[in-house]
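Worth saying up front: this structure is predicted, and the values here are computed from it rather than measured. Just so we're on the same page: letters track the sequence lines, and every chain starts at 1.
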Amino acid sequence: MEYNFKEIEEKWQKAWKKNKSYTINNNSSKPPFYVLDMFPYPSGAGLHVGHPLGYIASDIYSRYKRLKGFNVLHPMGFDSFGLPAEQYAIETGQHPADTTEKNISTFKKQLDKIGFCYDWEREIRTSDSNYYRWTQWLFLKLFKSWFNPLTQKAESIESLINIFENKGSFKSIARSKHHFTAQEWNDFSLKSKLDILMDYRLAFSAFGEVNWCEILGTVLANDEVVNGVSERGGHPVVKKKMRQWYLRITDYADRLIDGLNTVDFSDSMKEMQRNWIGKSEGAELIFTLEKSQLEIKVYTTRPDTIFGVDFLVLAPEHELVENITTSEQRKSIHDYLVYAKNKSDRERLSDVKQITGCFTGAYVINPLNDRKIPVWIAEYVLSGYGTGAIMAVPCGDQRDYLFAKHFNIPISNIIGDCYNGNEANPTKEATLTNSEFLNGLSMKKAISMVIDKSEELGIGKRKINYKMRDAGFSRQRYWGEPFPIKWEDGKVLTLNEDQLPLTLPHLEKYGPGPEGEGPLANVAAWKKDGFETSTMPGYAGSSWYFLRYMDPKNNQTFCDRKASDYWGQVDVYIGGTEHAVGHLLYSRMWTKVLHDLDLIGFDEPFKKLVNQGMIQGSSRFVYRIKGTNTFVSNGLKNEYELDELHVDVNMVDGVELNIELFKKWKPDFAEAAFILENDKYICGCEVEKMSKSKFNTVNPDDLVNKYGADTFRMYEMFLGPIEQSKPWDTKGIEGVHRFLRKLWRLFNDDIKGKVWTTEKASEAELKILHKAIKKIESDTDQFSFNTAVSAFMVCVNELTDLKCNKKEILENVLILLTPFAPHISEELWSQIGNNGSILDAMYPHFDGKYLLETSKEYPVSINGKLRTAISISLEASQSEVEEIVLANDIVRKWLEGAPPKKIIFVKGKMINVVV
RNA sequence: GCCCAUGUGGCGGAAUUGGUAGACGCAGCAGACUCAAAAUCUGCCAUUCGCAAGGGUGUGAAGGUUCGAUUCCUUUCGUGGGCACCA
């Protein structure tokens, strides 16, 4: 009987579906365990081999936990709102709802073929109104809450109103621009009150910059802007201020940092989040303009360098630029502003070779020594960070140094010998000079002295600053959640709970509205009713979806408290690092808000995070001689002028092109001629992102059809460590397939049929089994699936060598294998006479007694170089070992009669003789 | 530019806390079985010197710490990901 994977996989997938084997109940006596994948965006291209990498890992882990006796929640859904669906709709004239529906059904079909254990009864889609109803509901919760700095928690906005009504704005809770008494507050108009409250709400509306393309009449995503012009059409793009919605994530900055100590994320992931939040401690110092009352606030982490300030630099967008520019400088400043307006923040920061800037003509006075300091503007200062103005200290900061050199600004030295005149020295260790009352002090000490002094003189204060900005929460797009918000005479109104969901109207055209408003502005009724015309961003739905899976069908609330209390945090969350600072921070923030409002019982969503690497495409190229239909092999291409064309990787065996397939690929190539090397056409290779347009995608369906889901699953895991990125290569899949066939042959012979027996296992066989249990169990626990697969291979190879066909051994191997290759395991499990499903078998127990050893083959090195190995009892002491080692011929040869300096003996590891 | 990751045979990769570098697999080579092929099985497989025994060199590069470094430190180069409206 042969291993007919196709039949077996169909049979068991059907059986599991019929028996509802993956339906999970919220009531169970077993302990709960929640394993979650980052849900996919259902793109039109369907699943490629990169997608399932994380899904297979989480599936293995879920099944493993189930075998270990847990009630495992392992759901799947779709992040189905987003920009690409809308672009696709514009291009093809299909409605995003239709294409999304179609794409999801393709995805599901593909996922099911791989044999995942999802509970599809819990499926969610963010674009489903039954789902986004609760996204809107949660948005209103955010809108109606504020962050109380005294309690460090979100509270209902009512509590803030209460404070204002009774105490007015008092210092420890009010934002700096608000000063009013209770009486004044009570006398404010409703509009003024709402405007003030807007400055506290966790979801709020304010003016912010967007990428604006005048010619397309639309706001563009960063993705759609390439080198300062629109990707479509190459039209100029500038920054434009527009009313936007934001989430006040900055209020949660400290808690987002602190929370990292309570979760099991990789250190690098935590580091990325900390860097993104970018907390720094320093001071805000005030420089007053010469001959004017105007003040410029700068933020600095190095107030100790105050006497080394040689100039100030403002961001081009700084609000004072207009006011302070002198008439002589007006023209050049204006030109510079035009120049800077066209550049993105990233371009402005990365272009360090080219130093640009412009003098405003104005001077400020250094508040500590009355020195006159010129004020410049330059693109390397960003308006969004700190105060949008810096004090430049060229001897201590390299960018300031280069700027000063470039514009011939004299440089003061305040660190004596530590500054060599050729480059800045950013040290904190130097002793200060030319710094008046700081002379002779170490810079570290001076930092707090300067802050204290500034506070005393009223020219500055201690300040904690964050790089992170509040999260932009509106998009001038169609395919997203509508805001449950109405505008009436500039006043913001919210919909009532019973008016939700506010459904997205069905549009036929998705072009931008007037003045860069979203497409919804084109809907007369929508506009007339005053509904918000922008929609929520892609991350709205994904910020809380893990909660909905716990209670997906609830019509009364987003997730019943009982359900979230039962399941608790996501125990293991698997997904790519590309979400490090977006989705992962937003969902952490939402969780904290929901916890503060007592809607859930935990304040971090994900207990453990596993980052799977990205599977890259391995592109293949052919080279066509310019103006001809002749293709030249890679090795000979230097002799010609060529066009490089992507060719479908599926037509290439390694690097050798299958010419017949290539000719059939596109009509243009049917008559193509080839210049070969060694009778072969060799393609060029490059690692790129996997994408349809590069013809480097590999469809999992093809591999599942050819080798079966079990082989596919194990091969993806066998490729390498889960967290590592690597280019896809189908070549090795045969090896895994051979392994499964070899396993099959332990039970069934192609000719003889059944060969498994019920004989008693030998010591040697038990040793093999327990070695495998130990290795595979610990590897699975650590998500080291590639080494687990290799342990299976070793185990089956060894059992084959011993001709072990014993049920006592093999059935345990099957249970171990179930998480990796569920179909073949279930089939063989039933063949050897089990009635129940292997999905609910008991994971075998490792017993160390089978692995006990009494001696070890010790490697013996001379001066750290391996020379021989000696078998020595594990009991042996240092002196016994030394005796044995020195008696060894090879060791004596290397010693050449001299006594050894030292013998290093590490019990159970190695021996090193130092000569 | 900044942040994070990463670099080991022809290829994917392995190597608990520094302790036998190259497990397992792919590809390749030689052989067995076969009329033949497929499948399967056996052996070889970092590099170099050597008939062999054995030796030299090897984990991107250069230094350092150590009895001993793929592993720790410093510098440097390459590659991948992210950088706020892609998700």
Side-chain angles (χ1 to χ4, degrees), chain A residues 2 38-41 43 79 81-84 87 210-211 219-225 244 266-269 271-272 274-276 278 344-353 380 384 399 467-477 537-539 542 576-583 585 611 613-614 616 654 687-689 715 718-721 723-727 729-736 738-739 741-742 745 750 778 782 784 786-787 789-794 797 800 857-866 868-869 900-904 906 908-915:
Chain A
E2 273 188 58
M38 291 185 185
F39 63 166
Y41 174 80
S43 85
D79 192 9
F81 268 139
L83 183 59
Q87 279 171 327
V210 293
N211 300 313
V219 174
L220 296 176
N222 287 343
D223 253 27
E224 300 172 296
V225 183
Q244 303 273 68
S266 68
D267 290 341
S268 59
M269 173 61 63
E271 192 65 15
M272 277 189 261
R274 279 193 203 101
N275 288 337
W276 180 262
S344 69
D345 283 4
R346 202 190 312 169
E347 286 170 328
R348 281 167 52 170
L349 281 179
S350 52
D351 203 355
V352 289
K353 300 225 169 69
Y380 78 90
R399 270 184 319 189
K467 263 192 206 133
M468 181 169 69
R469 308 198 285 267
D470 284 327
F473 199 68
S474 42
R475 303 290 183 263
Q476 283 63 44
R477 301 288 175 179
Y539 66 82
S542 62
T577 41
E578 65 271 21
H579 297 287
V581 290
H583 161 63
L585 276 178
N611 291 117
M614 185 171 279
Q616 292 141 326
V687 173
E688 300 179 289
K689 260 195 183 171
Y715 181 58
F718 190 53
L719 275 178
E723 68 276 7
Q724 210 167 90
S725 291
K726 54 235 154 189
D729 181 6
T730 306
K731 275 233 148 160
I733 197 167
E734 298 271 358
V736 175
R738 270 177 215 146
F739 154 75
R741 284 209 307 250
K742 199 165 183 177
R745 286 199 302 272
D750 287 0
S778 82
Q782 296 164 54
S784 179
N786 58 327
T787 51
V789 173
S790 110
F792 278 115
M793 291 172 169
V794 170
N797 287 346
T800 304
E857 188 87 351
Y858 277 96
V860 179
S861 306
I862 314 288
N863 285 342
K865 278 206 191 336
L866 181 75
T868 185
K901 266 193 198 147
K902 202 169 163 193
I903 295 178
I904 292 154
V906 183
K909 293 271 188 202
M910 46 64 68
I911 297 159
N912 188 20
V913 182
V914 185
V915 181

Asks: Report the residues that fulfil salt bridge (charged side-chain N to carboxylate O under 4.0 Å, His left out) with A:Arg274, sequence neighbours left out, ordered by chain and then residue number.
Replies: A:Glu271

Asks: My understanding is that only residues two or more places apart in sequence, or in another chain, count here; which of them pass side-chain contact (heavy atoms from CB on, under 4.5 Å) with A:Glu723?
Replies: A:Pro721

Asks: How does protein contact run along nucleotides 81-87 of chain B, one letter per nucleotide 5' to 3', with B for base contact, S for sugar-phosphate only, - for none, heavy atoms under 4.0 Å?
Replies: SSBBBBB

Asks: What's the shortest heavy-atom distance between A:His583 and A:Ser542, and which atoms?
Replies: CE1-O, 3.0 Å

Asks: Distances under 3.5 Å only, N/O to N/O: pair up the protein atoms with those of nucleotides 17-19 of chain B.
Replies:
residue: B:U17; atom: O4; partner: A:Lys909; partner atom: NZ; Å: 2.9

Asks: Not counting sequence neighbours, which residues clear side-chain contact (heavy atoms from CB on, under 4.5 Å) with A:Pro900? List them please.
Replies: A:Leu886, A:Leu895, A:Ile903, A:Val913

Asks: Can you list everything that forms a side chain to side chain donor-acceptor pair (under 3.5 Å) with A:Ser784? Sequence neighbours excluded, please.
Replies: A:Thr787

Asks: Any base atoms under 4.0 Å from A:Ser268, or only sugar-phosphate, or nothing? Heavy atoms, all strands.
Replies: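 Sugar-phosphate only.
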
Asks: Check side-chain contact (heavy atoms from CB on, under 4.5 Å) between A:Ser268 and all other residues, then give those that pass, not counting sequence neighbours.
Replies: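 Counting only residues at least two positions away or on another chain, A:Ser268 forms a side-chain contact (heavy atoms from CB on, under 4.5 Å) with A:Ser266.
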
Asks: Taking only N/O atoms, report every protein-nucleotides 56-59 of chain B pair under 3.5 Å with atom names and distance.
Replies:
residue: B:G56; atom: OP1; partner: A:Arg867; partner atom: NH2; Å: 3.2
residue: B:G56; atom: OP2; partner: A:Arg867; partner atom: NH1; Å: 3.2

Asks: Taking only the C1' atom of each, what is the distance from B:G19 to B:U71 in whole angstrom?
Replies: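 One C1' to the other, the span is 11 Å.
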
Asks: Output one line per pair: protein atom, nucleotide atom from nucleotides 69-75 of chain B, and distance, for all N/O pairs under 3.5 Å.
Replies:
none

Asks: Please enumerate all residues that pass salt bridge (charged side-chain N to carboxylate O under 4.0 Å, His left out) together with A:Arg475, with sequence neighbours excluded.
Replies: none

Asks: Can you list the residues that meet the side-chain contact (heavy atoms from CB on, under 4.5 Å) rule with A:Val794, with sequence neighbours excluded?
Replies: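 Applying side-chain contact (heavy atoms from CB on, under 4.5 Å) to A:Val794 gives A:Glu798.
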
Asks: Can you give me the N/O atom pairs linking the protein to nucleotides 39-43 of chain B at distances under 3.5 Å, or say none if there are none?
Replies:
residue: B:A39; atom: O3'; partner: A:Arg741; partner atom: NH2; Å: 3.1
residue: B:U40; atom: OP1; partner: A:Arg741; partner atom: NH2; Å: 2.8
residue: B:U40; atom: O3'; partner: A:Arg745; partner atom: NH2; Å: 3.4

